[in-house]
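What follows is a single structure, written as structure tokens, with notes after it.
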Protein chains: 4
Amino acid sequence: MKGRGRHNAVVAAARRKQILDAASECFRRKGFRGASMMDISESAGLSTGHIYHYFENKEAIVEAVVDRGRPDLTDAAGAISSHSDLIEALLRSIDGKGGRDAPAVPALVLEVFAEASRNSLVARLFEAYERSLEKRLEGVLKSAQASGVIDQSADVDRLGRFLKVVLYGLIVHTAMVPGLGPAELRHVLDFFSDNTFWSSR
Amino acid sequence: MKGRGRHNAVVAAARRKQILDAASECFRRKGFRGASMMDISESAGLSTGHIYHYFENKEAIVEAVVDRGRPDLTDAAGAISSHSDLIEALLRSIDGKGGRDAPAVPALVLEVFAEASRNSLVARLFEAYERSLEKRLEGVLKSAQASGVIDQSADVDRLGRFLKVVLYGLIVHTAMVPGLGPAELRHVLDFFSDNTFWSSR
Amino acid sequence: MKGRGRHNAVVAAARRKQILDAASECFRRKGFRGASMMDISESAGLSTGHIYHYFENKEAIVEAVVDRGRPDLTDAAGAISSHSDLIEALLRSIDGKGGRDAPAVPALVLEVFAEASRNSLVARLFEAYERSLEKRLEGVLKSAQASGVIDQSADVDRLGRFLKVVLYGLIVHTAMVPGLGPAELRHVLDFFSDNTFWSSR
Amino acid sequence: MKGRGRHNAVVAAARRKQILDAASECFRRKGFRGASMMDISESAGLSTGHIYHYFENKEAIVEAVVDRGRPDLTDAAGAISSHSDLIEALLRSIDGKGGRDAPAVPALVLEVFAEASRNSLVARLFEAYERSLEKRLEGVLKSAQASGVIDQSADVDRLGRFLKVVLYGLIVHTAMVPGLGPAELRHVLDFFSDNTFWSSR
DNA sequence: TATGAATGAGCTTTCATTCAT
DNA sequence: CATGAATGAAAGCTCATTCAT
């Protein structure tokens, strides 16, 4: 029974992921309100009713999707020993590579931005998102400062706050301009590095 | 008949504004999809059916709301003779003071960002928004360069592109963080001016 | 005042005709339910509200349109001295030339047929239509019998009843088959005359 | 799963029939436009929304109702060995006994006639109806000719075209005159047989 | 566990009718 | 007489959610 229980738990986790993957894709394409439960169930390959075994309602799915989009902190502390490392680390914060369970697709993040301004639960989740992002930036910047990429005298807190805003802007920009790849994003960030406080160039 | 016609035109324009004001508020609070025609009509103080005398359908209202949020270019060319002037001009681009018929409320702009990625008409209007913003920034930066606030050797184009991203980020930030006022925004932008290419500080 | 009164009556009659003409056309194209009061008012070239000065409501317009479509009896008693005369007289009963104030356009008559089976007032008007048609046929047939075109021994009553059914069928056929002109209709009726009771051929 | 699938198919077919029966009755009483989806759903005994599991929209219901009213051809080739047989076969073409899945209720056929002149899809279905009727008449007449009921020299094509018109007229007549039973219809058709080309009387 | 039939509230939109001007 | 702004009651349709199987 215990073995079966554990097996069930594994299957249940897989089902939840299956549903959240489908939901994320639907939300990205149609928005939280535009995507119907049937869209999601068809996309996930199971029946509409079955979804309600894993999530209480649509709202719960939205929350779960928003929640797992939060940036992961574990791998962020990689060594930052050059400009390139820094830029790459920043880019990873928005291109989804730095996500936890799922890529933080920009178009979906925009949806979260919009939803957060009217859904208090999503707003709270967004705050967690923001905290994660700040922590991550702090880690990256301190690592960069430790290796001398950033000048010792730089105000890392202010720099972090500014960078957060820049990353938000990049998320918007990436979602809106279809063909925007990492190369173009790097150009924007390069400008940033050209005109500042870096110790070694 | 002519007098009546003119009177009607005036009243009609007032009604349209009345509807768009109500719709903007509803959209801001509930989103484009979440706000119902009844929400809008009640908020505007007229019957649901009556709205259809002024707008063909809900989509047309969305378009009109999005369209009138586009930044105005006319007053952007004020003289930029100091850092403060520049920062103020930039802030005006996002706090709605620089709008045309209506303030570009950040939360509403977020809605536009999200909607643009799936509604082609809104996407086109967003492009116009982006062009307006670019033009406006170009004007501001050239004015700043002319008066020596920005160094002659600065690459105004790249600077403009970067600033656009920063402004997008500020819009997101402003919409998400409730108590964020001009003072805090100025702090973020101050950082920008501290670390760059300015000729006179 | 009296002169003005009479003038007003003339204008009023003209307005009513103007409205009924427009309504007939709209009803023909969209059906009684499908045509809106706005369709009719636009087509008539006056305001929606103004129509209510001349007709109590839409129902009254329907009735008036149905009523004036009733075949006219006055000119039916023309001499029937040959087969051709007879066939032409019958054709006139359905092609609208025999109408009173307005042509009995087949597609509109179909609308009346359908409406009559559920609208008791239209049903009563249809009965009047049927009586008129019967009277007309009786007149035509008696005239034909008087001139020897139809045999004296023919049962004019039964023949009339049969012809009425044939005419209903022709109305349906004419409305449904787009290119159906008088020539084709004559062919159908010719068959009728080929195989019957005519005294002189 | 398979058993359930088959069961579902059976239930689904029953539901479709249930809906179409209810819709036919509603359409007959109120017309295609006059009958609302709520009328139909209440009459069918299920919820409004549920109907949309079986039909894409109201238009699809109209089509299905019109389509299944088309005369069936399979049983039309019964032997026609007497006048009575012929008359009965013709009557069966309009009284619904000769229909496929559902009786072709005259009042409903009138609705189709009227609708066909403005709804292109119904128009196409009506053409199929007309073809079916023609085929059926052709079969009946050839059978009658084979058994000598109709003279060998008769032009069966022209006769068929004429009969089609007569049948249309009878449909109109039947729908309009409430108490019209088979007996009266037979009288009208009897007249037809009295005055023509029959070989054996 | 899994299905999808079933519900009913709510959506956008249309339209006959009224009425202030 | 004449207008068309204004109303509100449906209309067709969608969809989150429930539940019998």
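Just so it is clear: chains get the letters A, B, ... in the order the sequence lines come, proteins before strands, and each one is counted from 1. The structure displayed is predicted, hence computed values, not measured ones.
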Listed nucleotide nearest any side-chain atom of [X], set [options]:
X	options	result
A/Y52	E/dA6, F/dT17, E/dA2	F/dT17
A/H53	E/dT7, F/dT7, E/dA2	E/dA2
B/M37	F/dT14, E/dT12, E/dT3	E/dT12

Please give, in whole Å, the distance from [N] [atom2] to [X] [atom1]?
X	N	atom1	atom2	result
D/E42	F/dA10	CD	P	13 Å
A/M38	F/dT18	CE	C1'	16 Å
C/I40	F/dT3	CD1	P	16 Å
D/F55	F/dC13	CZ	P	13 Å
D/I19	E/dA5	CD1	C1'	11 Å
C/I51	F/dA2	CD1	C1'	12 Å
A/D39	F/dA16	CG	C1'	12 Å

Query raised in the report: Any side-chain N or O of A/R15 under 4.0 Å from OP1/OP2 of E/dA2?
Result: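 Yes, such a contact exists.
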
Query raised in the report: Checking salt bridge (Lys or Arg N to Asp or Glu O under 4.0 Å) for the pair D/D21/D/R68: CA distance, chi angles, key distance, verdict?
Result: CA-CA 11 Å; D/D21 287 347; D/R68 75 171 187 163; 2.8 Å; yes

Query raised in the report: Which part of the nucleic acid, if any, lies within reach of C/R33 when heavy atoms closer than 4.0 Å are counted: base, sugar-phosphate only, or nothing?
Result: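 C/R33: no heavy atom of the nucleic acid under 4.0 Å.
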
Query raised in the report: What is the nucleic acid contact for C/T48, judged by heavy atoms within less than 4.0 Å: base, sugar-phosphate only, or nothing?
Result: base

Query raised in the report: Name the stems that DNA chain F belongs to, where each is three or more consecutive Watson-Crick or G-U pairs with both distances under 3.5 Å?
Result: E:2-21 with F:2-21

Report task. Hey, can you tell me if B/F126 and B/Y129 have their rings parallel, tilted or perpendicular (30° and 60° cut-offs)? Result ->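 Parallel, since the angle between the ring planes stays under 30°.
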
Query raised in the report: Under 3.5 Å, side chain of A/D67 to main-chain N/O of A/A64, donor-acceptor pair present?
Result: no

Query raised in the report: Is the backbone of A/E25 close enough, under 3.5 Å, to the side chain of A/K30 for a donor and an acceptor to pair up by distance?
Result: no

**Report entry** Rounded distance [0.5 Å steps], CD1 in B/I40 versus OG1 in B/T48
**Finding:**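 B/I40 CD1 to B/T48 OG1: 10.0 Å, rounded to 0.5 Å.
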
Query raised in the report: To the nearest 0.5 Å, what is the distance between OG (D/S24) and CD1 (D/I19)?
Result: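 With rounding to 0.5 Å, OG (D/S24) is 11.5 Å from CD1 (D/I19).
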
Report task. Would you mind telling me which residue lines up with the more 5' stretch of DNA chain F, D/A35 or A/G49, judged by nearest nucleotide? Result -> D/A35

Report task. Could you pick out which residue, A/E59 or C/G45, lies toward the 5' side of DNA chain F when each is mapped onto its nearest nucleotide? Result -> C/G45

Query raised in the report: If you pin C/E56 and D/H50 to their nearest nucleotides in DNA chain E, which one's is more 5'?
Result: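 In this pair, the answer is D/H50.
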
Query raised in the report: How do A/Y54 and B/K58 order along DNA chain E: which one's closest nucleotide is nearer the 5' end?
Result: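 With A/Y54 and B/K58 compared, the 5'-side residue is A/Y54.
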
**Report entry** Partners passing side-chain hydrogen bond (donor to acceptor under 3.5 Å, both in side chains) against B/E42 (at least two apart in sequence or in another chain)
**Finding:**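 Once residues adjacent in sequence are excluded, B/E42 has no partner under the side-chain hydrogen bond (donor to acceptor under 3.5 Å, both in side chains) criterion.
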
